[in-house]
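Quick notes on the structure that follows.
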Amino acid sequence: MGVTVTWALGVKSLRVSRVSVQVSEQAKEEARRAADAGERSAVAAENANQAGERSADAAQESARQAAEVARMEREREHDRLSPGPVPHMKVELESNPRGASLPRTLFGVVSVPRDYRVRAEAVIEGGGHTGLGLPLLFHAGRSYRFAIEQWPPGRTTPQVEFVLFRFWVPVEEIDKVAGWECPCDRPMIDGSDRGHWEWRAPIRYEPEAAPQIY
C-alpha cells in the first residue's frame, strides 16, 4: 500500500514537473517573441526617426533652394530696373562767352531709361568731391547737361576722375510720376549714403583735332 502510494505520488510529481517545464518553455518562447517584437519596434522607430530627419533635411534644403531662387529673381529684377550700364560720359568743353582769357567749363551729358531720383557729385584726384547742380528727378529719355568743372587758362586735362551718380526709385506722391518699385532690400530713400543703384562714370576728354590746312 505504502509503495503504491509513493509510486503514485512520484508519477504525479513527474507530471507536474513536465507541466512546469512546458510552462517554462512556453514562457521563454513568449518572452523571446516579445523581445523580437520589441526589437522590431525599436528598429521601426529608429527607421521612422531617420526618415523624419531626412524629410526635415529635405524640407530645409527645399526651403533654402526656394529662398535662393527668390533672391536671384529679385537680383534680376533689380538689374532690369537699373539705369543701365555705366556710361562713357560724353563731355564737352565750352569757352567762356565773356572772353577767351576766362575759365572754360567742362560739361557732361547724361540720360536714363526711366524716371529716377538722383544725386551726383564730382570726385577729383585724392578723393575730394563736389556736388553737382542737377535736378532731383531725372525723367526717362531726356538728356541732362551739367557743368563738371571749370578749366582755368592753360589746363588741358580734367581734374575730376569720375562722376558718382546715386539713383533711387521716385516718390510717386511727391514727384508726380508713375510709381514703380524694386523688390530688393537696398536703400529706397534718396539722400542715404548708398544709392539704390550707382554709376561711377569716368571723365575722359579728348580735344578736338585742329583742322589741317593743306
Open item on the list: For E61, is the CD atom crowded, meaning more than 12 foreign heavy atoms sit under 6.0 Å from it?
Closed with: yes
TODO: Could you please spell out the steps behind the salt bridge (Lys or Arg N to Asp or Glu O under 4.0 Å) verdict for E161 and R200?
DONE: CA-CA 9 Å; E161 290 189 288; R200 290 174 178 262; over 6 Å; no
Open item on the list: Once you measure the plane-to-plane angle for Y116 and W180, does it fall in the parallel (<30°), tilted (30-60°) or perpendicular (>60°) bin?
Closed with: perpendicular
Task: Contact check, side chains of E92 and R145, non-hydrogen atoms, under 4.5 Å - done: yes
TODO: Go through Q50 and N47 one step at a time and tell me if the side-chain contact (heavy atoms from CB on, under 4.5 Å) criterion holds.
DONE: CA-CA 5 Å; Q50 292 177 354; N47 290 339; 4.2 Å; yes
Task: Rounded distance [0.5 Å steps], CG in D115 versus NE2 in H139 - done: 6.0 Å
Task: Side chain proximity check, V91 to R204, heavy atoms < 4.5 angstrom - done: no
TODO: State, to 0.1 Å, how close H78 and C184 come at their nearest heavy-atom pair, and which atoms those are.
DONE: ND1-SG, 3.4 Å
Open item on the list: For the CZ atom of F167 and the SG atom of C182, what is their distance to the nearest 0.5 Å?
Closed with: 14.0 Å
Open item on the list: Treating H129 as the side-chain partner and E121 as the backbone partner, does any N or O pair qualify as donor plus acceptor under 3.5 Å?
Closed with: no
Open item on the list: Before you tell me yes or no, could you show the steps for E149 and R155 under side-chain contact (heavy atoms from CB on, under 4.5 Å), namely the whole-Å CA-CA distance, both residues' side-chain angles and the distance that decides it to 0.1 Å?
Closed with: CA-CA 11 Å; E149 66 178 25; R155 178 172 293 172; 4.0 Å; yes
Open item on the list: Any non-hydrogen side-chain atom of W151 less than 4.5 Å from a side-chain atom of P158?
Closed with: yes
Open item on the list: If you compare all heavy atoms of A140 against all heavy atoms of P113, which two are closest, and at what distance to 0.1 Å?
Closed with: CB-O, 3.4 Å
TODO: Indicate, with yes or no, if V160 and V109 share a hydrophobic cluster defined by side-chain heavy-atom contacts under 4.5 Å among Ile, Leu, Val, Met, Phe, Trp and Tyr.
DONE: no
- [ ] Is it possible for you to say whether L164 and L106 belong to one hydrophobic cluster, with membership spreading through side-chain heavy-atom contacts below 4.5 Å?
- [x] no
Task: Results of side-chain contact (heavy atoms from CB on, under 4.5 Å) for A70 - residues two or more places apart only - done: R74
Task: Single-linkage hydrophobic cluster, 4.5 Å side-chain cutoff, F162 and Y205 together - done: no
Open item on the list: More than 12 heavy atoms of other residues, nucleotides or ligands under 6.0 Å from CZ of R32: yes or no?
Closed with: yes
- [ ] Please determine if R80 and E75 form a salt bridge, counting it only when a charged side-chain N lies under 4.0 Å from a carboxylate O.
- [x] no
- [ ] Measure centre to centre between the rings of F107 and F146, then say whether the value is under 6.0 Å.
- [x] no
- [ ] With side-chain contact (heavy atoms from CB on, under 4.5 Å) as the test, would you mind laying out the steps for T130 and I124 before giving the verdict?
- [x] CA-CA 8 Å; T130 304; I124 64 175; 5.6 Å; no
Open item on the list: For a quick test of reading the model, state the closest non-hydrogen atom pair linking W199 to P85 and the distance between them.
Closed with: NE1-O, 3.6 Å
TODO: Tell me whether the guanidinium CZ or amine NZ of R166 lies under 6.0 angstrom from the six-membered ring centre of W197 and within 45° of its axis.
DONE: no
TODO: For R142 and S111, run side-chain contact (heavy atoms from CB on, under 4.5 Å): C-alpha distance rounded to whole Å, both residues' side-chain angles, the deciding distance at 0.1 Å, then the answer.
DONE: CA-CA 6 Å; R142 296 186 189 176; S111 63; over 6 Å; no
Open item on the list: Is it true that, when you exclude E39 itself, more than 12 heavy atoms of the residues, nucleotides or ligands shown sit nearer than 6.0 Å to its CD?
Closed with: no
- [ ] Check the surroundings of atom CD in E181: do more than 12 heavy atoms from other residues, nucleotides or ligands lie under 6.0 Å from it?
- [x] no
TODO: Mind checking the OH-CG spacing from Y144 to L134? Nearest 0.5 Å is all I need.
DONE: 9.5 Å
Task: E68 with R64: basic N within carboxylate O range, under 4.0 Å - done: no
Task: Closest approach of V118 to P135 (non-hydrogen atoms, all atoms of both residues) - done: CG1-O, 3.5 Å
Task: Common cluster, V112/M188, ILVMFWY with side-chain heavy-atom separation under 4.5 Å - done: yes
TODO: Search all heavy atoms of R194 against all heavy atoms of W168 and return the closest pair with its distance.
DONE: O-NE1, 3.4 Å
- [ ] Indicate, with yes or no, if V123 and V86 share a hydrophobic cluster defined by side-chain heavy-atom contacts under 4.5 Å among Ile, Leu, Val, Met, Phe, Trp and Tyr.
- [x] no
Open item on the list: Can you tell me how far apart OG1 (T157) and CD1 (I203) are? Round to the nearest 0.5 Å.
Closed with: 12.5 Å
- [ ] Considering non-hydrogen atoms only, spot the tightest contact between A201 and P87 and give its length.
- [x] CB-O, 4.0 Å
Task: Separation of M72 CE from E77 CD (nearest 0.5 Å) - done: 14.5 Å
Open item on the list: If hydrophobic residues (ILVMFWY) are linked whenever their side-chain heavy atoms come closer than 4.5 Å, directly or via other members, who joins V177 in its cluster?
Closed with: L137
